[in-house]
Every structure is written in C-alpha cells, then in structure tokens.
Amino acid sequence: MKAIFPGSFDPITKGHLDIISRALSIVDELIIAVMINPAKQGFLPVEQRKLMIVAACLEAGLSGFKVVVDEGLLADLARREGVSLIIKGVRGAMDLEQETAMARANKLLLPGLETILLPAGSQTTDISSTLVRQIASMGGDISHFVPACVTQVIIDQFSTPKQQD
Ligand code: PNS
C-alpha cells in the first residue's frame, strides 16, 4: 500500500522523521509531499527543504520513500499518484481539530481518500518547525529538534550576512 505524508517541512524536524519512520512500517511506499502555499513566503527554499528531507531519511537508514513538491491541492496529488491514504502526525488537541477538518475536506474532494492520524511520540510532541525557526533566529541550539544533517544547514542560513542597503 502507498500513502502520502504531506507537510510544509520548513524545515523537517525530528517529529516529522518519527512519523515518516512509523508510516514506513505501515505502508510499502511513502510519498513525502512538500506542499507549497504560493501566498506564503517560506523560510527555506523549497528545493533545500526537499534535499534536507532526503538527507534526513537516508541518515536515519530509511527506504521506500520518495519526495515530491506540489503547489496544488493534496487531493489532486493523491489522484494523480493513485494514492488513497494520507498519513499525518498529531501533537495535541489543536492539531487533532485541524487535521480532522482537513481529512474531511480531502475526502470530500476525493471520495475514498482516507487519513490516518498518528499521535506524536513522547520525545517529539513539543517539536514544531515554527519553534525551530524561532530558536534558530535567536541563535539557540536546534540540535534537539532537527535531524543532525539539518542542523548545520539552518545555522548557515542564519549566519549568512544580510546585504546592507
Ligand atoms: O506542515 P503543515 O502546515 O501541517 O502542512 C499543511 C499542509 C501543507 C499538509 C496542508 O496545508 C495542505 O494539504 N496543503 C495543500 C493544499 C490543500 O490541499 N488544501 C486543502 C486541504 S484540506
């Protein structure tokens, strides 16, 4: 069975990696979909996000995944890829509410498209990309939150001297 794990992955965190690893123990093939919101300015360029996902998965010894980038609706991607299962992680009540609404919408857009929600592990439940971006922007240590291969990329991102006007 094939499934899609969609997200912004800006950047991928240890929480994402935990869900990817657990999803791969359920399905034979996992499509990790970096979904782009054209109206939202991302933190990392999308190709960099994609490379970091691949690097983090390989670093963790995972296989059976592919990473795609898409600007459209998740339901349309699922239709094109012939996938009828979405897997997402939930960290708490707020996530559950949002993910439930998205799961219902996706099923309306593509009847038969089911969503499985995996509870975040106890080690990763407080990790989010937003938190990582905030800590990194203030010079904090993000190594607890992101895979090792991602840490240096983020540090470099913030230490790049900004151009003066
Ligand atoms: O990392 P996130 O913020 O949890 O990811 C949310 C994401 C990208 C999975 C969601 O916004 C999404 O599926 N976007 C694609 C556009 C779409 O299909 N929107 C309707 C979903 S109900």
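Computed from heavy atoms alone, side chains included, the values below leave out hydrogens, waters and symmetry copies. Counting starts at 1 for both ligands and their atoms, following the listed order.
Contact between A33 and I4 at its shortest, heavy atoms only, is CB-CG2, 3.9 Å. When all heavy atoms of L62 and I20 are compared, the pair lying nearest together is CD1-CG2, 3.9 Å.
In this structure, atom 5 (O) of ligand 1 lies nearest to the protein heavy atom G7 CA, 3.5 Å. Of the protein's heavy atoms, M102 SD, 3.9 Å lies nearest to atom 10 (C) of ligand 1.
For the 3.5 Å distance criterion, the side chains of D141 and S143 qualify, holding a donor opposite an acceptor.
Looking at H16 next to ligand 1, no N or O pair under 3.5 Å apart turns up. Residue-to-ligand polar distances keep N106 apart from ligand 1: every N/O pair is separated by 3.5 Å or more.
Shown in contact with S8 at under 4.0 Å from a heavy atom are these atoms of ligand 1, numbered in order with element: 1 (O), 2 (P), 3 (O), 5 (O). Listed by number with element, the atoms of ligand 1 under 4.0 Å from a non-hydrogen atom of G72 are 15 (C), 16 (C). Which parts of ligand 1 touch A105 is read off a 4.0 Å heavy-atom cut-off, strictly below it: atoms 22 (S). Listed by atom number, the atoms of ligand 1 under 4.0 Å from M35 heavy atoms are 8 (C), 15 (C).
If you run side chain to side chain contact (heavy atoms under 4.5 Å, CB included) between S129 and each of V146, I12, T13, only T13 comes through.
One option in I36, L74, I12 has a heavy atom closer to atom 18 (O) of ligand 1 than any other, and that option is L74. For the residues L77, I4, L73, the heavy atom positioned nearest atom 19 (N) of ligand 1 is part of L73. Of the listed options K88, E99, K107, K88 places a heavy atom closest to atom 6 (C) of ligand 1.
By the 4.5 Å heavy-atom criterion applied to side chains, I26 and L118 are counted as neighbours. Looking at I32 and F9, their side chains come closer than 4.5 Å, going by heavy atoms from C-beta outward.
Counting protein heavy atoms under 4.0 angstrom from atom 15 (C) of ligand 1 gives one or more.
Taking CG of L131 as the reference point, atom CD1 of I142 lies at 10.5 Å (rounded to 0.5 Å). Annotation: the span from S137 atom OG to Q157 atom CD amounts to 12.0 Å, rounded to 0.5 Å.
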